[in-house]
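For reference, the structure is listed below as structure tokens.
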Amino acid sequence: MQFFKDLNLSAFTAGFVAVLVGFTSSVAIVFQAALAFNATPAEIASWMWALGIGMGLCSVIPSLWLKKPVMVAWSTPGAAVLATAGLAGGFSMGEAVGAFMASAALITLFGVTGWFEKVMNRIPVAIASALLAGVLARFGMQAFAAAQTALPLVLVMLATYLLAKRLLPRYAVVLTLLGAIVYVAVRGQLTWSEVTFSFAAPVLVMPKFTLAAIVSLAIPLFVVTMASQNLPGVAAIRAAGYGPDAADGGIPVSKVITLTGVVTLLLAPFGAFALNLSAITAAICMGEEAHEDAGKRYTAAVSCGAIYIVIGIFGAAITGVLTAFPRELVVAIAGLALLGTIGSGLAAAVKDEAHREAALITFLVTLSGVVIAGVGSAFWGVVAGALALFVQQYAKPAASPAP
């Protein structure tokens, strides 16, 4: 099979790091969202089954079909919205499932019609690059902020990364991760006590459609998923060279968004609340660190998707394995793995002097992490940058003709 010929160690490691970062950084929020609807332990396990299977299939199938890295994840800001609104509104699990399905139907509509992609195609490259850099830079900052609580670990990882980047650049992230695991294992910092082997089983919950749940859950879930997840996800695709301007047409964004909507719709009764394009984990699998050949980076996305499927099948067991790693190790490996993409994004953002100031505004607003009306900084960064660009380029008085 061609996939196994194209796969190498760095691509598989990129897929594993993507799962490690994406899963451990937000799984607690997903649990909180489930508990907000009074989910039983069996229903929580079903959520992990549905999300793991959904993310895995939506990443593996299009990546193998297109031979391009298609990365799909759950909506972390969506889970945060559900956790808050669920507690405030006292909604049942059936009402929550109905809201998940309504949100998925809207996402499918925007994918089928191509409305979302048309809007994204009108955003200048500088603004999109600044958006991506702002989203990823927070992880870069967290990598070094981890030194406050785990200075020796961060120094070991940084030294390993720099040396490997000099001597074996293709395996810099691989060696850094291995070195960090050995270090924390020797120091007894791996919490294997949380690992329990068991299969996750799907639990069907019949949807209940109510106006209150649609207004309080479905619409906010749809908005934050599109604005805070799919928006930077498309930016990641474009920055990596897989956008619509690619020689071969790139990744068909509208079709992938349609796929995420349809799969969410099918798996919502089992707990899949929202699937969307990934930005942070996509950047890990779409960069040069994943594979030196851009045409073979799809293997990193397939590896990531396959691991997500395993997570879905084994549920609690894999959750325990991934959460056994210290938090500082996770944020540090994420930041180091994203250094190249952050640098490329910043370079593209400030390259054009005419767009530079608007791009910097986009970058800073996105980096700030500000949340307004429940919508994250990725959306507001684009809005601020677009407004700045409009004022600078379209509101200037016409130049007086030369005498």
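Side-chain atoms are counted along with the backbone in the values below, which use heavy atoms only and exclude waters and symmetry mates. Since the structure is predicted, the reported quantities are computational estimates derived from the model, not experimental observations.
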Beyond-backbone contact of W115 with L109, side-chain heavy atoms, under 4.5 angstrom: yes

NZ/NE/NH1/NH2 to OD/OE distance under 4.0 Å, D6 and K67: no

Residue pair W74 / T76, side-chain heavy-atom distance below 4.5 Å: yes

Sub-4.5 Å side-chain heavy-atom contact between F270 and I53: no

Electrostatic pair K165:E289 at N-O distance under 4.0 angstrom: yes

Heavy-atom pair of closest approach, residues A128 and A235: O-CB, 3.5 Å

Side chain to side chain contact (heavy atoms under 4.5 Å, CB included) partner of T160, chosen from L178, T176, L336: T176

L387 side chain reached by I361 side chain, heavy atoms, under 4.5 Å: no

Of I257, V263, V262, the residue whose pairing with L259 passes side chain to side chain contact (heavy atoms under 4.5 Å, CB included): V263

From CZ (F12) to SG (C285), nearest 0.5 Å: 11.0 Å

N276 and V72, any side-chain heavy atoms less than 4.5 Å apart: no

For F273 against V30, the heavy-atom pair lying closest together: CE2-CG1, 4.0 Å

Minimum heavy-atom distance L66-P252, with the two atoms named: CD1-CD, 3.6 Å

Heavy atoms from other residues, nucleotides or ligands near CD of E357 exceed 12 (cutoff 6.0 Å): no

Modelled atom types, side-chain donor and acceptor of S75 and Q229, under 3.5 Å: no

Non-hydrogen atoms of L217 and A99 that approach each other most closely: CB-CB, 3.6 Å

Under 3.5 Å donor-acceptor, R138 side chain and T366 backbone: yes

Closest approach of T258 to G111 (non-hydrogen atoms, all atoms of both residues): OG1-C, 2.9 Å

Pairwise distance OG1(T341) to CD1(I280) - rounded to 0.5 angstrom: 11.5 Å

Non-hydrogen atoms of L329 and A180 that approach each other most closely: CD1-CB, 3.6 Å

Side chain proximity check, H355 to Q393, heavy atoms < 4.5 angstrom: yes

Greater than 12 external heavy atoms within 6.0 Å of R327's CZ: no

Atom CD of Q142: over 12 foreign heavy atoms under 6.0 Å: yes

Ring geometry between W47 and F37 (parallel below 30°, tilted from 30 to 60°, perpendicular above 60°): tilted

Whether over 12 other heavy atoms sit under 6.0 Å from Q2 CD: yes

